[in-house]
Amino acid sequence: MRVSERVASLKPSGIRKFFELIIGREDIISLGVGEPDFPVPWRIREEMIYSLEKGITSYTSNYGIYELRECIAKYYAKFGVKCSPENVMITTGVSEAVDIALRAILNPGEGVLIPEPCYVSYMPLTVVTGGVAISYPTTPDFIPTYEEMISLANKAEENDIRIKAVIVNYPNNPTGVSYTKSVLEEIADFAVEKDAIIISDEIYAELSYSFKHESVASLNGMFDRTVVLNGFSKAYSMTGFRVGYAIAPEDIFDAMLKIHQYCMLCAPVTSQIGAMEALKNGQNDLEEMKAEYLRRRNFFVKRIKKVLEVRKPDGAFYAFPLIAETGLSSEEFAKKLLFERKVAVVPGSAFGDCGEGYIRCAYAVGMDKLREAVDRIVEFVESL
Ligand code: PLP
C-alpha cells in the first residue's frame, strides 16, 4: 500500500459525504453546514484591508503576534482563566490546535477519551497520531459523567491502554448542550484521578445562551492539566480566515510549538490582525449575531417540538432532534428529507455511533429560510 495504514483506516467525514449530494443545488435549504451565515463584521475586514494596504504581509513570530496573545490572555479572564500571553499560541484555526495538542501529548498506543456524539475531527486526528480513540457515550442527555469515564478508563487499563487525555467540547457540536460547573467538576475529578490532560474545545464559548460559559481550566488546579482551544471562526464568523488559539501549561505549550513551527510556521498574518480587531472592538457585532442565533434557536425549538423530541440547546447554533421514533435511521431520514422536501440536515450517525437516531440541524441560516425549512421538516415527519 502506498499510503499510511493509519490514514487508509480512516473513514471520510460523514458530513462532507452527505454534502457532496447538494453542491450547486439552489432549490435546497441547507441546515447542514456548521458555518455562520453572517459576513465578517466590517470593522474587522476594514482593519485587515488596511493592513494589506500598509504592506503587512510577512510571517509573524511562530507564537503569533504578541499583542494578539496579550489580548487573548486578558480576554480569557471572562471565562475564569488567568494566564499570561506566554501561555497563548495562535494557530491556523482550532482544527490545527486539536491536531498539535494531540500530537504533543500522545505516545503511540496511549488512549484518548472522546465524547460521543462529537465533532468529526477528534477521532481521526487521534488515530493518525497513533493514539487509541475510546468514545464515551453521552446520550440520552448528552452530559458526560465521572462514573462512565472512570469505568471506560479502567477497562482500557485492563487492555494496557493508559488514558492520557480526554477531549471535551462545550457548547457542543452537534448537540448544542453545554456543561455547568458541576459537570466540569466531574470531568476535572476524572482527570485528576487518572492523571489525564483535558483538551477543552471551547470554540462556541461566546455563543452560550442558557448560562455563562466557564472554562474547565478555571477550576482549582486545572490550568496545569488543561489545553484550552478557541478561535474566531464561529463567534466572529471568520471561518475562511483560519485563525484560532491554544492556551496551555508550559510543557505542553512548548511541545505544541515545536510541531506548529515545523508544520505551520505561523497563522496567517492578515487573519491575526483581524482577530485582534475582533477582540478589541468587536463585542457589539458579536452580541448582535448572538442575539439573532438566540432568536432562531427559540423559534426552531418551539416549532420542531410539535413533531420531534429535542433538548433545548444551551449554545452554539445546532439543535439535535431525536428522530428514532419515525422508524428511520438517521441517514435514511436525512436522505428522504433531502430528496422529498429539499431540506439538508446531517445524520446524527456522522458524529459517532451514539448519534444514531438523531439529526443535526444548524440554525445558521436567515429567519425566512429557517421558517421554510422547519415547516418542511414538520410536514415531512407528519407524513411518515
Ligand atoms: N471544533 C468544533 C467543535 C467545531 O465545530 C469546529 C468547526 O465546525 C472546529 C473545531 C473547527 O474550527 P476552526 O474553523 O477554528 O478550525
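Numbering of residues begins at 1 and proceeds along the displayed sequence. Counting starts at 1 for both ligands and their atoms, in listed order.
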In the protein, what heavy atom is nearest to atom 2 (C) of ligand 1, and what distance, to one decimal place, separates them? D201 OD2, 3.4 Å
Y66 ring center near Y63 ring center (under 6.0 Å): no
Do any N/O atoms on V94 end up under 3.5 angstrom from N/O atoms on ligand 1? yes
Report yes if N169 has an N/O atom closer than 3.5 Å to an N/O atom of ligand 1; otherwise report no. no
Strictly under 6.0 Å, is that where the ring centroids of F380 and F333 end up? yes
Plane angle bin for F232 and Y236 - parallel if under 30°, tilted between 30 and 60°, otherwise perpendicular: tilted
List in chain and number order the residues that pass side chain to side chain donor-acceptor pair (under 3.5 Å) with R162, two or more places apart in sequence or in another chain; answer none if no residue qualifies. none
Closest candidate by heavy atom, reference atom 16 (O) of ligand 1, pool G34, A362, S95: S95
Non-hydrogen atom of R242 closer than 4.0 Å to ligand 1: yes
Report the relative orientation of the aromatic rings in Y363 and Y293; use parallel for angles under 30°, tilted for 30 to 60°, perpendicular for over 60°. perpendicular
What is the closest protein heavy atom to atom 7 (C) of ligand 1, and at what distance does it sit? K234 NZ, 2.9 Å
Applying side chain to side chain donor-acceptor pair (under 3.5 Å), name anything that partners R6, two or more places apart in sequence or on another chain. none
Is the positively charged end of R371 above the ring of F299, judged by distance under 6.0 angstrom from the centroid and angle within 45° of the axis? yes
Any N or O of T92 closer than 3.5 Å to N or O of ligand 1: no
Whether Y358 and F320 hold their rings parallel, tilted or perpendicular, with breakpoints at 30° and 60°: parallel
Decide whether an N or O pair under 3.5 Å exists between S233 and ligand 1. yes
Would you say E96 touches ligand 1, if touching means a heavy atom closer than 4.0 Å? no
Has F232 got any heavy atom lying under 4.0 angstrom from an atom of ligand 1? no
Between N173 and ligand 1, does any nitrogen or oxygen pair lie at a separation below 3.5 Å? yes
Hey, is Y122 one of the residues with a heavy atom under 4.0 angstrom from ligand 1? yes
